[in-house]
Amino acid sequence: MSGGGRAINVLNVAEKPSVAKSVATLLSRGQGMRVREGRSRYNKIFEFDYGIRGQRCRMLVTSVTGHLMELEFEDRFRKWHSCDPADLYAAPVRKSVPQDKLDIKRTLEEEARRCQWLVLWLDCDREGENIAFEVIDTCTAANCNLTIKRARFSALIEREIHDSVQNLVEPNRWFADAVDARQEIDLRIGASFTRFQTMLLRDAFVIDSAADDRNLVLSYGPCQFPTLGFVVERFWEIQSHEPEEFWIINCSHKSEEGIATFNWTRGHLFDYTCAVIIYEMCVEEPPATVAGVRQQEKYKYPPHPLSTIELEKRASRYFRMSSEHTMKVAEELYQAGFISYPRTETDNFSARTDLHAIVQEQRGHPVWGSYAQRLLDPSSGLWRNPSNGGHDDKAHPPIHPTKFSGGERNWSQDHHRLYELVVRHFLACVSQPAVGAETTVEIDIAGEQFAASGRVIIAKNYLDVYRFESWGGSVIPTYVPGQQFIPTTLTLDSGVTRPPPLLSEADLLNCMDKAGIGTDATMHDHIKKLLDRFYATKDQNMRFSPTNLGEALVMGYDDMGYKLWKPNLRSMMEFDMRAVSEGAKTKAEVLETCLQQMKACFLDARSNKQKLMEAMAVFFERAARTARDEQHVVGEFVRLCGLCHQSNMVLKRNRDGNFMVGCLGFPQCRNVVWLPGSVSEAVVTANICNSCSPGPIYMIQFKFRRLEIPPIFSVDHLGCIGGCDDTLQQLTEICGTGSRMSARGGGPTPLSSSAQRSNSRQQACSSCRQLGHSSTDCPSVISGTRNSRSRRADQQDGGLSVSCDTCGASCPMRTANTANNKGRKFYSCQSEGCNFFVWEDSLQNGGGRHGANGGASNSRARSNSLGGRGRGGRGGNNATNGTFVSATGDPVTGRCYVCGDPSHFANACPNRFT
DNA sequence: GCAAGGTC
């Protein structure tokens, strides 16, 4: 091993103590290795003799603990009031070793003085390269004659480590530069915005967080803020959700073999008339014909090897552990040698990993040991080489067990759980997928398609050990093509669309991962920061809601038109960092352009600080000395909340100046009545509404902006929000509301919310002079001229069809079979999820669509924001109560949806389509 | 008192 000539001293530095120990052990093969203390008690020094390409070496292997240095502003810029925060974009910064790392620095200096070579064993990623240069700077300051080399390795495996030390390379300056740029940008942006918004808002409002207001820091960071943005965005999405009623036909069939539930191929329809017509056709011609039976073998694959994010997501999902706690427990298991390094992006095992050896270790476990034995038995056929998740950080393998344990005495329940997850996940990864046999039966009732499916699990395979996942199986009776049967139940049911749930921790990690916010080692920190800063809370179900403070800050920047709370900024920076690390751009170039842009953004944000103040004023009271000129903060009493029955509903303005009546129980109670966007003034009067209950409900004197309401309405109106007031309802429909959600939606952020508001107000259609639509989507234009001509051109041989207004598919002509419309022809779209429907005679007449609602297939009438009346435009027809049950042969219940009479169905109603 | 990134 050791060659001739005089031995040189080689200082080897790893990123962390564990790597130093591994490298030393592997290189020395455990022979003749000495350990001695350095100045830092964590960072030992290992010594042994070794030969590098014929050169005899005395190897000294030690470590740092991550970054050795920190970037800071020079002293005179460190105090918050020492300078204008805008100056922080140019204030001099310097890198230095912080107090708690000085002992490591001294060790490096002392050892470097007696060495000739320095070999860097830092992790092989950009941060690792940057740390390498911190070590180089420290060591060369003590000994300028050092020869500097970099060891490149991707796993702590004997052959790999020997190879890398025999093939030393140069450190990569570009990689380190990319990190330098990132650090400087993060520091300047973070410090300037944090100081600015903290000093602006903390003393101006009474922020009732758990922290003392004086110590509250309203931080801004390029990772924490987009993380908050995800939470707020979902919250807004939920708030803006307007439940929409839909209709669905359900069919089931019971036979001796069991029951099959058939789902309507159309999914659901939002148009009630359309759904009822189809439903009634099915009811009147109920025999079902089996159109097809499909049998397929399906596989459920085991997960990819375990990365940090996956570990965090799964621990959150399976055990409700926070990502921060998961990482703490994982770190302890790692320190004790039970699992591999827990901070890894890699989800692919290197071909050199001895997977069988890892399984072998687990054979003795009382619970999963027998599964491990089966895996190793070639005759079981259970083994499968793990899939490749496609990520490799080139530094660490996927998380896997490194030492057998049947459970240690000092382990908490969470240590047990996490170790079990890591082991079971690993065993699952090297197992065959679960196999199932799926049967799909398609049936046809009066031209409508339904389908049912069942699954039988043939082989559980990995699911036997991965108890966290399941694969539902259900058996359905046997059907043969052409078979006919009478459905046991055939019902028309209603449902309402639901908003998405609040973000779970796993969802949030997913969002961050996709947008490139944070790293595997820091993502949980950013989430925790939201909680620590009182920007968000986590409920019992581990789901995140923004606090008033978090929402106000995001709202403030959103109102300025900035995407500072979106992940774009970080993505842009990440793109630039990559360019630097590839040598396409220089560090100086990126710093200059990025900081110039950010400074301009900062100055602009500061000149628009009023937006931030206004957003805060929506949620918080002004501090005493500034509250004098504020009004509408608390609001005037209108009624007791009919939802929570605990708090008062008060008249308020939102930050755009739009009026609303909201429950003071917010955020626990979210009851709110949004008022028409055309209201210019609103004052609660002493008049009490005598038709709405429970009372008292105080009436509000409104003034509307003349140009924003149709001429038939008066600008002055004494109104009630209890549901009795038709004028308010109509104006709300016509003008829209000032609801933040209707303004924000999912589209691009408006630069000015007032511009958005005026766009949402509707003008009269220039074609038919009606309100509620524009000439481009006027029903008379669509069905009367342009589209009916194009439809005529679409006739097909062997049967008439028209092209669908909505999806463009061909819609065949069909004949209605209902009592009132027997023999009448219509076209309805066959595409899944499409509910286009039109009567043939309405096309021939060239006129508009049917009746008030009939035929206008896609009109998804929005529910009125003035509560309590069901769907707009169909007063008196409360369809949600009417589940029409028409079990063939069984009694039929329900009532007519047109007039509400229980003695007949709509198909026999004399008032239908009149 | 501020960021995000390493790590103990």
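Chain naming here is simple, since letters A, B, ... match the order of the sequence lines and numbering starts at 1 in each.
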Query raised in the report: Just checking Asp123(A): base, sugar-phosphate only, or nothing, at a heavy-atom cut-off of under 4.0 Å?
Result: sugar-phosphate
Query raised in the report: Does a side-chain N or O from Thr194(A) land closer than 4.0 Å to OP1 or OP2 of dG1(B), or not?
Result: no
Report task. Report the nucleotide, chosen from dG5(B), dA4(B), dC2(B), that has the shortest atom-to-atom distance to any side-chain atom of Glu127(A). Result -> dG5(B)
Query raised in the report: Under the 3.5 angstrom rule, does the side chain of Asp347(A) hit a backbone N or O of His391(A) as a donor-acceptor pair?
Result: yes
Query raised in the report: When we call it a touch if two heavy atoms are under 4.0 Å apart, what does Arg182(A) touch: a base, just sugar-phosphate, or nothing?
Result: base
Query raised in the report: Hey, does the side chain of Glu310(A) reach the backbone of Ser307(A) with a donor-acceptor pair shorter than 3.5 angstrom?
Result: no
Report task. Quickly work out the Glu72(A) CD to dA4(B) P distance and round it to whole Å. Result -> 16 Å
Query - Spacing of Glu129(A) atom CD relative to dG5(B) atom C1', expressed in whole Å - result: 15 Å
Report summary line: Sequence neighbours excluded, the answer for side chain to side chain donor-acceptor pair (under 3.5 Å) partners of Lys101(A) is none
Query raised in the report: Base, sugar-phosphate alone, or nothing: which one does Ser192(A) contact when heavy atoms must sit under 4.0 Å apart?
Result: nothing
**Report entry** Matching residue for Thr62(A) among Leu108(A), Ile104(A), Asn12(A) - test: side-chain contact (heavy atoms from CB on, under 4.5 Å)
**Finding:** Leu108(A)
Report summary line: In whole angstroms, the gap separating C1' of dA4(B) from CG of Asp520(A) amounts to 13 Å
Query raised in the report: Is the distance between the ring centroids of Tyr557(A) and Phe225(A) less than 6.0 Å?
Result: yes
Requested in this report: Classify the nucleic acid contact of Gly128(A) as base, sugar-phosphate or nothing, counting any heavy atom under 4.0 Å across all strands shown.
Outcome: nothing
Query raised in the report: Are Asp177(A) and Lys585(A) close enough for a salt bridge, meaning some N to O gap below 4.0 Å?
Result: no
Report summary line: Taken to the nearest whole Å, OH/Tyr334(A) to C1'/dG6(B) is 13 Å
Report task. Ignoring backbone atoms, test whether Gln183(A) places a side-chain nitrogen or oxygen under 4.0 Å from the OP1 or OP2 oxygen of dA3(B). Result -> no
Query - Plane angle bin for Phe426(A) and His400(A) - parallel if under 30°, tilted between 30 and 60°, otherwise perpendicular - result: tilted
Query raised in the report: Under a 4.0 Å heavy-atom cut-off, which of residues 11-25 of chain A touch DNA chain B?
Result: Glu15(A), Lys16(A), Pro17(A)
Query raised in the report: Rounded to whole angstrom units, what separation is found between the CG atom of Leu569(A) and the P atom of dA4(B)?
Result: 11 Å
Query raised in the report: So what does Lys529(A) touch, heavy atoms closer than 4.0 Å: a base, only the sugar-phosphate, or nothing?
Result: sugar-phosphate
Query raised in the report: Closer than 4.0 Å, any side-chain N/O of Arg570(A) to the OP1 or OP2 of dG5(B)?
Result: yes
Query raised in the report: dG6(B) C1' sits how many Å from Tyr42(A) OH, rounded?
Result: 16 Å
Query - Value in whole Å for how far the P atom of dG5(B) lies from CD1 of Ile517(A) - result: 9 Å
Query raised in the report: So, is Arg343(A) close to the dT7(B) phosphate, meaning a side-chain N or O under 4.0 Å from OP1 or OP2?
Result: yes
Query raised in the report: On DNA chain B, nearest-nucleotide positions of Val64(A) versus Ala191(A): which is more 5'?
Result: Ala191(A)
Report task. Quick one: label Arg533(A) by what it contacts on the DNA or RNA (base, sugar-phosphate, nothing), any heavy atom closer than 4.0 Å. Result -> sugar-phosphate
Report task. Round to the nearest Å and state the distance from Glu331(A) atom CD to dG6(B) atom P. Result -> 13 Å
Query raised in the report: Would a distance-only check, ignoring hydrogens and angles, find a side-chain to backbone donor-acceptor pair under 3.5 Å from Glu134(A) to Leu68(A)?
Result: yes
Report task. Determine, using ring centers only, whether His415(A) and Phe338(A) are less than 6.0 Å apart. Result -> no
Query raised in the report: Nearest to the side chain of His67(A) - dC2(B), dG1(B), dG5(B)?
Result: dG5(B)
Requested in this report: Identify whether any heavy atom of Phe193(A) sits under 4.0 Å from a base atom; if not, whether one sits that close to sugar-phosphate; answer base, sugar-phosphate or nothing.
Outcome: nothing
Query raised in the report: Looking at DNA chain B, which of residues 76-103 of chain A put a heavy atom within less than 4.0 Å of it?
Result: Trp80(A), His81(A), Lys101(A)
**Report entry** Trp565(A), Tyr562(A), Phe602(A) screened by ring pair (Phe, Tyr, Trp, His ring centres under 6.0 Å) with Phe193(A), the one that passes
**Finding:** Phe602(A)
Requested in this report: May I ask you to decide if Leu216(A)'s main-chain N or O and Arg202(A)'s side chain share a donor-acceptor pair within less than 3.5 Å?
Outcome: yes
Query raised in the report: If you find the nucleotide of DNA chain B closest to Ser219(A) and the one closest to Leu68(A), which residue's nucleotide is nearer the 5' end?
Result: Ser219(A)
Report task. When you get a sec, tell me which of dG5(B), dA3(B), dT7(B) is the closest nucleotide to the side chain of Ala521(A)? Result -> dT7(B)
Requested in this report: Assign Leu71(A) to base, sugar-phosphate, or nothing according to its heavy-atom contacts below 4.0 angstrom with the strands shown.
Outcome: base
